[in-house]
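Below: one structure, written as structure tokens.
In this chain, residues are counted from 1 in sequence order.
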Amino acid sequence: MEHRWHAEMDRFSNYERILTADPYFEKAVKVTLKYALFYLPLEVIVGILIAVVLNQKLRGIGIFRTMYYMPYIVPKVAASLVWVWVLNPRYGLVNTILDWVGVTGPNWLGDPITLCQASSLWRCGVWAAAQ
């Protein structure tokens with residue numbers, strides 16, 4: 001059987017084409033350098049300053065910490081509560097679906113073996129949603 005195309009191995013032609021003929025390469029390098037030289041150091045400095053402020057014993061620091069961490073913590077708690085509901089052995093979504101097909105579902109969060117499987121399922125779901 002004859003192929004309709006023929007691939008030829010040329011190790012440096014892609015690099016040559018990028019450096020000479022690609023109209024976006026120069027802009028991509030400039031944007032990357034600007035990001036690496038200006039934004040990243042600024043982000044590190046601001047992060048260290050926020051960490052120093054959060055460690056101070058100031059009046060009202062508890063409220064500031066709460067407001068700072070709340071956007072991170074609330075979605076995690078909400079997702080955890082949803083998964084506790086989904087994996088509930090009595091009325092959870094997973095066991096209800098398994099019951100429809102005639103399979104008795106396990107106690108997902110009560111058995112160490114199924115807890116590991118449920119945890120893996122949860123992590124895959126979280127990372128799939130993050131994509």
Hey, mind stepping through Y91 and T96 against side chain to side chain contact (heavy atoms under 4.5 Å, CB included) and telling me if it holds?
-> CA-CA 7 Å; Y91 54 84; T96 301; 5.5 Å; no
Flag the pair I50 / L54 as yes when at least one side-chain heavy-atom distance between them is below 4.5 Å, and no otherwise.
-> yes
Hey, are the side chains of F25 and T20 touching, using non-hydrogen atoms and a 4.5 Å cut-off?
-> no
What about [X] and [Y], same hydrophobic cluster or not, with Ile/Leu/Val/Met/Phe/Trp/Tyr joined at side-chain heavy-atom distances under 4.5 Å?
{"X": "L115", "Y": "V82", "result": "yes"}
{"X": "Y15", "Y": "V29", "result": "no"}
{"X": "V53", "Y": "Y72", "result": "yes"}

When rounded to the nearest 0.5 angstrom, what is the spacing between CG in N88 and CH2 in W85?
-> 9.5 Å
Nearest-0.5 Å distance, CD1 of residue I61 to OG1 of residue T66 = 10.0 Å
Residues passing the side-chain hydrogen bond (donor to acceptor under 3.5 Å, both in side chains) test with R65, sequence neighbours excluded, are none
Got a sec, which residues hit salt bridge (charged side-chain N to carboxylate O under 4.0 Å, His left out) with K30, two or more places apart in sequence or on another chain?
-> E26
Using the test side-chain contact (heavy atoms from CB on, under 4.5 Å), find all partners of [X] that sit at least two apart in sequence or belong to another chain.
{"X": "I73", "value": "Y69, V77"}
{"X": "V74", "value": "M70"}
{"X": "V44", "value": "I48"}
{"X": "I97", "value": "L93, W100"}

Which pairs, with at least one residue in residues 101-110 and sequence neighbours excluded, count as a side chain to side chain donor-acceptor pair (under 3.5 Å)?
-> N95-W108
Taking all atoms of both residues into account, what is the closest heavy-atom pair of L98 and G105, and its distance?
-> CD1-CA, 3.9 Å
If you look only at distance, which donor and acceptor atoms sit under 3.5 Å apart when one is on a side chain in residues 32-39 and the other is two or more places apart or in another chain?
unit_1, atom_1, unit_2, atom_2, d
T32, OG1, A28, O, 2.8
Y39, OH, E43, OE1, 3.4

Residues clustering with I113 (ILVMFWY side chains joined when closer than 4.5 Å, directly or via others) | none
Going by side-chain heavy atoms closer than 4.5 Å, which hydrophobic residues are tied to I63, directly or by a chain of links?
-> M67
